[in-house]
Amino acid sequence: MITQTERLIIRPFTEQDCEALYLMNSNPAMLKYIPTAAFTSREQAVELFHQVIQADYQQHGFGRWAVEHKADKRVIGFCGPKFIAEFNEVELGYRYFPEYWGTGIGTEAASAALAEFKRFGIEQTIALILEGNLGSEGVAKRVGMHLREQNEFMGHKVNIYAKLL
């Protein structure tokens, strides 16, 4: 486990989480502001787990973390760091199933995750947020991030929020 809050457990993803990864990456509502195609097979989630998430854990010592809801005993999204080579910086990223939007989960998880970043040698972080994603911008602001600049990422305009830890 990385950390926990009153409602959440934040931990590394395991292979048992591949179904949740598939659902997160195939849900159109969750992908509205994500510049990638929706998954069409569960094998894509297994590939994501092994080739991206596990690779990040091995290469950097950190990567996206599963967010498990204590009451529901299920993975409801992710929150955590990812090294973004294009910017040579570590991003705080997060995504949750729509039924948890507006419940404070995003801010709760992001605050708890950020508190652990220094343990992984992360001194500053960014959030790459596609234009129009007001929910994600709200989370970034509530955890003390400030708009640094507008830029492009994966062919899309993004607002880059930043924070020194």
Side-chain angles (χ1 to χ4, degrees), residues 1-27 29-31 33-34 36 39 42-85 87-129 133 135-146 160-165:
M1 181 172 57
I2 303 296
T3 190
Q4 64 181 316
T5 68
E6 183 179 326
R7 299 184 288 175
L8 308 171
I9 295 171
I10 299 172
R11 59 171 176 76
F13 276 102
T14 68
E15 194 154 9
Q16 289 72 38
D17 299 320
C18 284
E19 179 66 15
L21 286 168
Y22 169 72
L23 295 172
M24 276 183 249
N25 288 285
S26 62
N27 183 319
M30 291 180 77
L31 298 175
Y33 296 105
I34 307 300
T36 186
F39 283 5
R42 282 165 172 73
E43 290 76 28
Q44 289 172 287
V46 173
E47 193 174 298
L48 172 71
F49 172 72
H50 288 288
Q51 294 182 8
V52 178
I53 296 171
Q54 283 287 81
D56 282 347
Y57 292 167
Q58 291 169 2
Q59 184 176 358
H60 302 290
F62 58 80
R64 300 293 196 221
W65 297 322
V67 176
E68 187 177 315
H69 197 281
K70 288 179 178 178
D72 298 347
K73 298 199 179 347
R74 66 183 273 245
V75 173
I76 62 165
F78 71 75
C79 183
K82 180 171 179 62
F83 179 75
I84 306 295
F87 292 94
N88 196 34
E89 294 187 82
V90 176
E91 180 198 31
L92 167 67
Y94 38 86
R95 191 183 324 161
Y96 302 95
F97 289 110
E99 58 265 35
Y100 296 93
W101 295 352
T103 65
I105 292 283
T107 302
E108 184 177 331
S111 292
L114 283 173
E116 301 302 317
F117 275 28
K118 281 194 173 183
R119 181 162 56 118
F120 294 90
I122 304 165
E123 299 289 330
Q124 60 184 9
T125 189
I126 59 171
L128 301 170
I129 303 173
N133 189 346
S136 285
E137 287 190 6
V139 170
K141 290 174 186 174
R142 284 190 292 279
V143 298
M145 300 182 90
H146 302 283
I160 301 178
Y161 283 77
K163 180 176 183 167
L164 291 173
L165 302 174

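- Residues A140 and I129 come closest through the heavy atom pair CB-CD1, 4.0 Å.
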**Report entry** Test side-chain contact (heavy atoms from CB on, under 4.5 Å) applied to L8 and I76, step by step
**Finding:** CA-CA 10 Å; L8 308 171; I76 62 165; 4.1 Å; yes
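- Atom-to-atom distance recorded for I122:CD1 and E89:CD is 12.0 Å, nearest 0.5 angstrom.
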Requested in this report: Apply side-chain contact (heavy atoms from CB on, under 4.5 Å) to M30 and L23, showing your working.
Outcome: CA-CA 9 Å; M30 291 180 77; L23 295 172; over 6 Å; no
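- Relative ring orientation between F83 and H60 is described as tilted, the plane-to-plane angle lying within the 30° to 60° band.
- The side-chain hydrogen bond (donor to acceptor under 3.5 Å, both in side chains) analysis of residues 105-115, with sequence neighbours excluded, yields the pairs T5-E108, R7-E108, T107-R142.
- When the salt bridge (Lys or Arg N to Asp or Glu O under 4.0 Å) test is applied to E6, no partner is found at least two apart in sequence or on another chain.
- Note that the NE2 atom of H146 and the OH atom of Y161 stand 10.5 Å from one another [nearest 0.5 Å].
- With sequence neighbours left out, Y33 forms a ring pair (Phe, Tyr, Trp, His ring centres under 6.0 Å) with no residue at all.
- Residue pairs that meet the salt bridge (charged side-chain N to carboxylate O under 4.0 Å, His left out) test with at least one member in residues 53-65, sequence neighbours left out, are D56-K82, R64-E91.
- Applying the ring pair (Phe, Tyr, Trp, His ring centres under 6.0 Å) test to every pair with at least one member in residues 89-108, sequence neighbours left out, gives these pairs: H69-Y100.
- Across all their heavy atoms, F78 and G93 have their closest contact at CE1-C, 3.8 Å.
- Taking Y57 as the reference, nothing meets the ring pair (Phe, Tyr, Trp, His ring centres under 6.0 Å) condition, with sequence neighbours excluded.
- Atom OG1 of T3 and atom CD1 of I9 lie 10.5 Å apart (nearest 0.5 Å).
- The CD atom of Q44 sits 12.0 Å away from the SG atom of C18 when rounded to the nearest 0.5 Å.
- Residues I10 and A109 share a closest heavy-atom pair of CD1-O, 3.6 Å.
- Between F120 and F62, the angle of the ring planes goes over 60°, which puts this pair in the perpendicular group of the 30/60° scheme.
- To the nearest 0.5 Å, atom CG of residue D17 and atom CZ of residue R74 are 12.0 Å apart.
- To the nearest 0.5 angstrom, L31 atom CG is 7.5 Å from T36 atom OG1.
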Query raised in the report: Can you list the steps and then say if K118 with E123 is a side-chain contact (heavy atoms from CB on, under 4.5 Å)?
Result: CA-CA 6 Å; K118 281 194 173 183; E123 299 289 330; 3.8 Å; yes
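- Contact between V139 and G106 at its shortest, heavy atoms only, is CG1-O, 3.7 Å.
- Between M24 and G77, the shortest heavy-atom distance links the atoms SD-CA, 3.7 Å.
- For the pair T125 and V90, the tightest heavy-atom approach, listed with the atom from each and the gap, is OG1-O, 2.9 Å.
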Report task. Evaluate the criterion side-chain contact (heavy atoms from CB on, under 4.5 Å) for residue pair R11 and V75; output intermediate values, then yes/no. Result -> CA-CA 10 Å; R11 59 171 176 76; V75 173; 3.3 Å; yes
